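Structure first, commentary second.
Just so you know, these numbers come straight off a predicted model, no measurement behind them. A note on names: the letters A, B, ... follow the listed sequences, proteins ahead of strands, and every chain is numbered from 1.
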Number of protein chains: 2
Amino acid sequence: MKQRVTIADVAKKAGVSATTVSRILNGNYSQTSAETTARVLEAIRELDYRPNALAKGLKQMKTQVIGVILSNLQNPFWLRVLKGIEDTCRKAGYQLMICNSCDDPAIEAEHIKNLQTRNVDGIIVNPTPGNRDLFEQLLATGYPCVFVNRHLPNLAMPGVVMNNIRGASLAVEHLLEGGRQRIAIIAYQGEITTWTERVEGYKTTLLAHGKREQDLLIELVPNRPGAARSAAIRLLKRNPRPDALLSTTNLMTLEILDAIQSLGLRIPEDVALVGYDETMWCKYLNPPLTTVRQPAYEMGEIAAKRIIQLCKGTRRTKLDVTVLEPELVVRESSRPASATPDVGATIAAGTGTSG
Amino acid sequence: MKQRVTIADVAKKAGVSATTVSRILNGNYSQTSAETTARVLEAIRELDYRPNALAKGLKQMKTQVIGVILSNLQNPFWLRVLKGIEDTCRKAGYQLMICNSCDDPAIEAEHIKNLQTRNVDGIIVNPTPGNRDLFEQLLATGYPCVFVNRHLPNLAMPGVVMNNIRGASLAVEHLLEGGRQRIAIIAYQGEITTWTERVEGYKTTLLAHGKREQDLLIELVPNRPGAARSAAIRLLKRNPRPDALLSTTNLMTLEILDAIQSLGLRIPEDVALVGYDETMWCKYLNPPLTTVRQPAYEMGEIAAKRIIQLCKGTRRTKLDVTVLEPELVVRESSRPASATPDVGATIAAGTGTSG
DNA sequence: ATGAAAGCGCTAACAG
DNA sequence: CTGTTAGCGCTTTCAT
């Protein structure tokens with residue numbers, strides 16, 4: 001039940017008090033003679049002493065741990081975000097406690113309580129709309145918390161998000177320029193800002209380009225496997241058929257691709273496709289996929305910096321929200337309809353140099 | 001510096017001692033009258049009391065936290081593993097502290113010390129060969145630790161790994177059956193069992209099928225971006241050209257794909273390709289990719305169960321290693337050479353129903 | 001420059 | 001059934 005070697009053991013071995021050892025451990029060399037310091041350091045080394053973070057944390061009520069709550073660890077988008085968070089935290093001496101809410105408010109709430117119970121210094125969270133009151137409470141008590149990727153409307157939580165309106169807008173404008181007339185969008189339904197904003201970007205852009213309300217083709221589907229595939233099929237069976245599809249998630253994109261293939265339609269001849277989120281495989285899909293690239297790593301990095309600042313700062317830091325800009329990566333899947341040759345699509349439309 | 005509401009506050013409010021509160025918190029209802037229990041529970045609720053896990057951990061030297069050290073969070077393979085670990089741990093009431101070693105022994109060592117410092121109850125690790133002594137020490141001191149995916153030869157650490165020999169073997173046999181004559185493999189160099197075993201599987205299978213040592217085509221490359229691509233180009237420029245490539249990583253597969261495309265070669269007509277690790281996008285590549293599927297989720301699940309068992313068990317549990325079997329997912333990219341039609345490959349070779 | 005003492009919040013003997 | 005006491009290992013006044 002006891003720890004192998006404690007600060008007292010080191011103190012005894014070095015012939016000093018625990019206080020002195022503690023000072024040295026925390027880099028307070030100025031208060032100790034060089035000779036003593038050396039002796040203590042030697043004792044630490046010899047005994048292979050490791051300070052107990054629990055005891056330290058209990059005393060200081062700081063743990064150097066950041067809690068991270070994500071909604072879907074299956075989405076590779078989060079890997080980049082996580083890497084940004086991790087790199088930044090590591091540099092600053094923080095450890096991560098990563099949780100998965102599965103977009104379930106109950107699980108999310110449980111995680112938040114759990115993290116607080118463990119005295120994590122701060123929380124980075126991709127929030128669920130269902131826990132607004134809980135977040136308001138966090139904000140009110142001043143518990144360091146930062147939103148990432150999503151935000152909750154009218155809740156002044158600091159955070160870092162993407163410009164989703166612009167992301168959808170970029171995609172739609174690109175498709176319009178390519179001569180596409182009937183652009184459809186598929187999105188998950190729900191009060192989640194990433195989804196709603198992308199739909200909004202789609203809407204406003206089309207309306208700004210002279211389309212009417214009744215020209216909009218919006219399919220909102222529940223966030224569960226297969227739903228997007230069905231929606232895509234539904235859309236593609238309409239008459240007239242949409243000539244472009246805008247996906248709003250990288251997972252969703254694969255389902256849509258499946259739908260298009262199963263209907264025997266060709267991309268981009270019969271229908272153009274633009275995906276949301278650039279992934280390492282987009283380039284190798286059949287055909288190579290045009291996507292909206294989001295600065296995921298950077299988002300993680302900024303969120304981490306923000307939370308660390310909040311953890312350290314005694315004075316309240318600015319509670320602003322950073323908005324990061326997406327960009328469009330244009331590839332084969334959205335090639336202009338007019339430029340489409342009538343023969344079968346090129347195989348291996350790669351980067352060239354035939355060997 | 002102090003906690004908002006402590007067990008003492010609850011005790012006072014309920015008119016009992018802290019001990020009684022503690023008992024109730026830990027589900028020891030049998031030792032307390034129903035009436036008292038109700039009063040305490042009520043006080044807890046009213047004060048919104050949350051026990052301090054640090055204090056509890058310090059007292060018991062248990063934290064209900066499992067440390068997880070992975071070598072490369074960028075690889076989506078680990079997402080499945082992580083999900084398996086997470087689901088299992090959550091059910092058992094454990095939190096996760098996830099670290100990324102980036103395959104750097106120094107970082108790994110730092111994480112291990114850090115996790116011990118934080119008194120995590122156990123560690124799941126995808127080990128680096130560089131810290132053998134450290135793992136031996138963990139084993140000697142009886143600190144709960146479980147290897148995952150990799151193991152260190154001649155180190156009796158409990159763990160759960162894949163049958164990599166069989167994985168490569170399945171792929172090679174499949175290619176041989178398809179009439180491929182010059183099968184090459186690309187793997188990362190280093191003492192890492194996952195790589196070496198896959199190469200071994202490749203070797204023994206080919207030799208068992210009557211090939212000679214000099215027929216083997218093995219490219220070992222450093223684990224850094226672009227290296228596999230170069231190796232693939234090197235291989236494909238040989239005369240005679242290999243007619244099949246076996247990749248040993250999903251990240252590597254994308255690089256190889258890139259190489260093949262850049263040389264203007266067709267898959268599977270000019271060269272067959274088999275990837276290692278099934279991912280959600282393999283099916284949608286150009287062409288759909290044959291892969292070796294590994295039970296990633298299950299591996300995480302088993303590793304988690306194992307470590308939890310070790311954390312709880314006072315008596316030493318069996319230190320055995322579980323080996324999970326891979327399976328081959330056959331798709332277009334490894335279609336038999338003989339069966340290859342001479343016309344351009346089919347576009348959208350999807351699952352059918354032209355609608 | 002160093003040490004003694006007190007206590008962070010909780011649990012685990014031991015009493016009663 | 002309930003409370004008293006004594007720490008877990010560390011940091012932090014406050015003395016010296």
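Distances from the side chain of B:K56 to the nucleotides C:dT11, C:dG3, C:dG9 place C:dT11 closest. Each of C:dT11, C:dC10, D:dT11 was ranked by its minimum atom distance to the side chain of B:T6; first place goes to C:dC10.
For B:E298, the side chain to side chain contact (heavy atoms under 4.5 Å, CB included) criterion is met by B:P295, B:E301, B:I302, B:L324, not counting sequence neighbours. In terms of the side chain to side chain contact (heavy atoms under 4.5 Å, CB included) criterion, residue partners of B:Q64 (sequence neighbours excluded) are, by chain and number, A:R118, B:Y94, B:D121. Scanning for side chain to side chain contact (heavy atoms under 4.5 Å, CB included) contacts around A:A109 gives A:N131, A:L134, with sequence neighbours left out. Applying the ring pair (Phe, Tyr, Trp, His ring centres under 6.0 Å) test to A:F135 and every residue at least two apart in sequence or in another chain returns A:F147. Partners of A:P144 under the side chain to side chain contact (heavy atoms under 4.5 Å, CB included) rule, at least two apart in sequence or in another chain, are A:I307, A:L310, A:C311. Residues forming a side chain to side chain donor-acceptor pair (under 3.5 Å) with A:Q74 (at least two apart in sequence, or on another chain): B:R80. Qualifying side chain to side chain donor-acceptor pair (under 3.5 Å) partners for B:K83, counting only residues two or more places apart in sequence or in other chains: B:D87. Taking A:E110 as the reference, B:R90 meet the side chain to side chain donor-acceptor pair (under 3.5 Å) condition, with sequence neighbours excluded.
Residue A:S22 places no side-chain N or O under 4.0 Å from the OP1 or OP2 atom of D:dC10.
B:T19 and B:S22 share no donor-acceptor pair across their side chains, judged by distance under 3.5 Å alone.
For A:L58 and D:dC10, the CG to C1' distance is 8 Å, given to the nearest whole Å. In this structure, A:I7 atom CD1 and C:dG3 atom P are separated by 12 Å, rounded to whole Å. As a whole-Å value, the separation of A:N52 CG from C:dC8 C1' is 13 Å. As rounded to whole Å, 17 Å separates atom P of D:dG7 from atom CD of A:Q3. The distance from atom NZ of A:K12 to atom P of C:dG3 is 15 Å, rounded to the nearest whole Å. In this entry the distance linking NZ of B:K62 with C1' of D:dC8 reads 15 Å, nearest Å. Rounded to whole angstrom, the span from the CD1 atom of B:I24 across to the C1' atom of C:dA12 amounts to 16 Å. With rounding to whole Å, B:N119 atom CG is found 18 Å from C:dC10 atom P.
Listed by residue number, A:S30, A:Q31, A:T32, A:S33, A:T36 are the residues of residues 25-44 of chain A with a heavy-atom contact under 4.0 Å to DNA chain C.
Residue pairs meeting the salt bridge (charged side-chain N to carboxylate O under 4.0 Å, His left out) criterion with at least one member in residues 16-31 of chain B: none, sequence neighbours excluded.
When the options A:I98, A:L96, A:V65 are evaluated for a side chain to side chain contact (heavy atoms under 4.5 Å, CB included) with B:M97, the one that passes is A:V65.
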Please produce a list of atom pairs where a protein N or O lies less than 3.5 Å from an N or O of nucleotides 4-7 of chain C.
unit_1: C:dA4; atom_1: N6; unit_2: A:T19; atom_2: OG1; d: 2.9
unit_1: C:dG7; atom_1: N2; unit_2: A:K59; atom_2: NZ; d: 3.2

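The bend of the helix from C:dA1-D:dT16 to C:dG16-D:dC1, defined by the angle between the axes of its first five and last five pairs, stands at 40° to the nearest 10°.
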